[in-house]
Amino acid sequence: MKSQTTFVLLSLCLLPIIFVLADSRSFSIDYKNNCFQKDGKPFQYISGSIHYSRIPREYWKDRLLKMYMTGLNAIQVYVPWNFHGTVQGVFNFAGDRDLEYFLNLANQTGLLVILRPGPYICAEWEMGGLPAWLLQKPNIILRSADTDYLKPASEWLAVLLTKMRPWLYQNGGNIISVQVENEYGSYFACDYNYMRHLHTLFRLFLGEDVILFTTDGNTDKEMICGTLEGLYATIDFGTDTNITAAFIRQRRFEPKGPLVNSEFYTGWLDHWGDKHASVDTVKVSKMLGEMLSMGASVNMYMFEGGTNFGYWNGADHDSRFRSVVTSYDYNAPLSEAGDPTDKLLAIRDVIKNFRDIPVGPMPPATPKFAYGFVTLQKVGNISSLLDTLSPQGPVRSQYPLTFEEIKQYYGFMLYRTTLPRNVPEPTPLISPLNGIHDRAYVSVNGVYQGLMERDTALVMNVTGQQGDQLDILVENMGRVNFGSYINDKKGLLGNLILGNDVLTDWSIYPLDIDTAVANGWLQAAHSGSAMEAGDGPMIYSGTLKSTGLAWDTFVKLNGWTKGQVWVNEVNLGRYWPQRGPQQTLYVPGPFLSATQPNNITVLELERAPSHRRILFMDRPQLNNTGQKT
């Protein structure tokens, strides 16, 4: 019985079939022979996922060439709606967001493209790629036929898919297939009308010839809710799965056509506080070989993960909120910095058995440099810098407002009020409805009192006098990107209670730290006498002197607690060495100047070390669970 099952699963693409070459370019599904056809010939793709939004534009060509030299003939690409549409109705495809330039580089390199335009993408990316401004509609049902969602999603897809149509393989480009939505079967809504609408929309803008497909997890429920007639159903699974059983499940939903694993997991993501994820190289290479031997087309997720620069990391919410770390290294064949690993070499050895590997050497790792220590000076605490960080001033409200209500979608906001009465004894400050999204740093008259944290620390004690200034800096740690909680509003979502008093009369300051950094305002604010460290949210800055080199490096903040780092104008992302596992932040060489001093800005949220030093190293540290300070 086992041998019969295996025989059924073997793709007939492995058999020699004679076709007359098509006069024109075509990419299609051959249901008779259970395979893809490219220009009239059987075709098996060996693909890897790469996210242009997580890699500096200057390195796109390097990463694509390394994938090509490994033996891949295709790449798989997510398009994050919020990366291109941060502001409603405004679409940005310039610079690091130039998707067509990326597609052209892939085309020049010899790589076909499997496009995943969402509109939801998951990807451990902020809100799964959905723009946070959608949450201004308080009752919106995301990823459904709800008009509040479907109208802006359709407007986005009209813009994006119109741009993508010339890049379809049939039209002379390199896009061979397009995914509709993303793992929709894992979402609670199971709204077939929504999926039908997307199907109609994709056909309208892309035409009838392109392959449209779905991807879902390896369960019946996910495949039932995620698939739709007219969309080719594929499956995803990793090394912990029985290949035969998984492809039998795909066959139940697609009796004919190619076997496809759209996400074969080469590694996994990290949350703050996790151990660094690792997937065994031998298991990956062995299983890849087995799938390819069956004639299956396989996409490896990820082939290079890259970095969650800025505020772009996502989060999960199962039993509690868990934020994804800044590094998206993923234990992938190419490291976060794009360096070939032993896993890549093992995968290349497998691919050699199925197709010709390009002749020539693998491009080397990008050069790294240990620039050494930089000592920072204190610029000031957040409360003292509000004129610089929030030049438009506060929004005043009797009760707290969310980030979304104030249209401050990422980063930080400061909530300010006064103590309503004397509290000489430690008195509980409470978020009774778990309304801290996601971390709150509390000060009274500029003196740091402590923090509150979503799901885990909803009460803390404060003391003070009536009329004392109470400042609460709230950090958005990244919106949930998977599951039922993606409508993840940020800020203070409900009232705070001090003892028996509901706190009211708030002044709410949206902070634009990124603009202040880009304009050099926080460098210019140096005070030569402000050398001491302190507790609570503080900004520090310094200079990395030019060395004549602009090579990749990794910054380590030993003894620092938690915060955000900028190099020149670029927000590198979050650091949290005490929580771990990530201990260093990746600094790509293109972010540095070889000839001019490089400005370093650090927002430390809890406590800086007395030495105030940071260290630029020539290698990453991603796998420590906490540190000694």
Side-chain angles (χ1 to χ4, degrees), residues 122 124-128 130 132 135 138 142 186-188 268-277 308 311-326 399-405 408-415 427-443 448-462 470-498 502-503 536-537 561-564 573-582 605-607 625-626:
C122 186
E124 291 72 61
W125 185 264
E126 225 274 348
M127 203 169 154
L130 300 179
L135 299 178
L142 301 169
S186 65
Y187 193 56
F188 75 92
W268 201 248
L269 64 136
D270 291 342
H271 303 98
W272 294 110
D274 288 352
K275 292 182 178 179
H276 180 49
N308 295 312
Y311 310 113
W312 288 119
N313 66 276
D316 283 300
H317 196 296
D318 31 42
S319 59
R320 60 183 174 86
F321 176 82
R322 297 187 299 150
S323 182
V324 174
V325 304
T326 301
Y399 300 108
L401 300 174
T402 65
F403 277 50
E404 294 76 20
E405 288 171 316
Q408 167 83 6
Y409 299 116
Y410 310 106
F412 303 86
M413 290 206 311
L414 187 137
Y415 294 75
T427 302
L429 177 65
I430 306 170
S431 173
L433 299 177
N434 195 12
I436 306 293
H437 284 202
D438 299 302
R439 281 169 67 89
Y441 307 90
V442 180
S443 302
Y448 183 57
Q449 303 288 306
L451 64 87
M452 306 171 77
E453 185 171 359
R454 180 176 180 174
D455 294 332
T456 59
L458 306 179
V459 182
M460 62 169 288
N461 288 327
V462 300
L470 175 67
D471 281 352
I472 301 175
L473 180 70
V474 177
E475 178 186 12
N476 167 2
M477 282 287 292
R479 288 180 180 81
V480 172
N481 59 262
F482 179 79
S484 302
Y485 297 99
I486 56 173
N487 56 336
D488 185 17
K489 296 179 182 179
K490 299 300 186 181
L492 298 183
L493 272 58
N495 288 325
L496 294 186
I497 298 174
L498 180 63
V502 175
L503 297 178
T561 309
K562 185 184 191 303
Q564 205 94 12
R574 309 175 203 275
Y575 67 89
W576 202 354
Q578 290 193 339
R579 184 72 61 97
Q582 182 176 358
L605 294 164
E606 296 182 44
R607 183 171 179 78
T625 49

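Because only heavy atoms are used, hydrogens play no part in the values below, and waters and symmetry mates are left out as well, while side chains stay in. Small disclaimer: the values here were computed from a predicted structure and weren't measured.
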If you measure from [atom1] on [X] to [atom2] on [Y], what distance do you get to the nearest 0.5 Å?
X	Y	atom1	atom2	value
Tyr575	Gln564	OH	CD	9.0 Å
Leu414	Asp471	CG	CG	4.5 Å
Leu269	Arg322	CG	CZ	8.0 Å
Asn313	Trp272	CG	CH2	8.5 Å
Glu126	Asn481	CD	CG	9.0 Å
Met413	Glu475	CE	CD	13.0 Å

Minimum heavy-atom separation for [X] to [Y], with atom names?
X	Y	value
Asp316	Phe482	OD1-CB, 3.8 Å
Tyr410	Tyr311	CB-CD1, 3.8 Å
Lys275	Pro581	C-CG, 4.2 Å
Val474	His437	CG1-O, 3.6 Å
Asp270	Asp274	C-OD2, 3.9 Å
Val480	Tyr485	CB-O, 3.5 Å

Compare all side-chain heavy atoms of [X] with those of [Y] and state whether any distance is below 4.5 angstrom.
X	Y	result
Leu498	Thr427	yes
Thr402	Leu493	yes
Asn495	Leu503	no
Leu496	Ile472	yes
Trp125	Trp312	yes
Ile436	Leu492	yes
Glu124	Asn308	no
Met477	Arg574	yes

Problem set entry | Arg579 bridged to Glu453 by N-O distance under 4.0 Å |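 Salt bridge: yes.
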Problem set entry | side chain to side chain contact (heavy atoms under 4.5 Å, CB included) assessment of Lys490 paired with Arg479 | CA-CA 8 Å; Lys490 299 300 186 181; Arg479 288 180 180 81; 3.5 Å; yes
Exercise. Quick check: does any side chain N or O of Lys489 sit under 3.5 Å from a backbone N or O of Ala132, one acting as donor and the other as acceptor?
Worked result: no
Exercise. Just by distance, do the side chain of Thr561 and the backbone of Arg607 share a donor-acceptor pair under 3.5 Å?
Worked result: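 Present.
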For this session: Step by step, work out the side chain to side chain contact (heavy atoms under 4.5 Å, CB included) result for Tyr448 and Glu606.
Result: CA-CA 8 Å; Tyr448 183 57; Glu606 296 182 44; 4.0 Å; yes
For this session: Please lay out, stage by stage, how Asn434 and Asp455 fare under the test side chain to side chain contact (heavy atoms under 4.5 Å, CB included).
Result: CA-CA 6 Å; Asn434 195 12; Asp455 294 332; 2.6 Å; yes
Exercise. Got a sec, which residues hit side chain to side chain contact (heavy atoms under 4.5 Å, CB included) with Leu142, two or more places apart in sequence or on another chain?
Worked result: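 If we apply the side chain to side chain contact (heavy atoms under 4.5 Å, CB included) test to Leu142, skipping adjacent residues, the hits are Met127, Leu130, Leu134, Leu135, Ile140, Tyr149, Tyr187, Ile486, Asn487.
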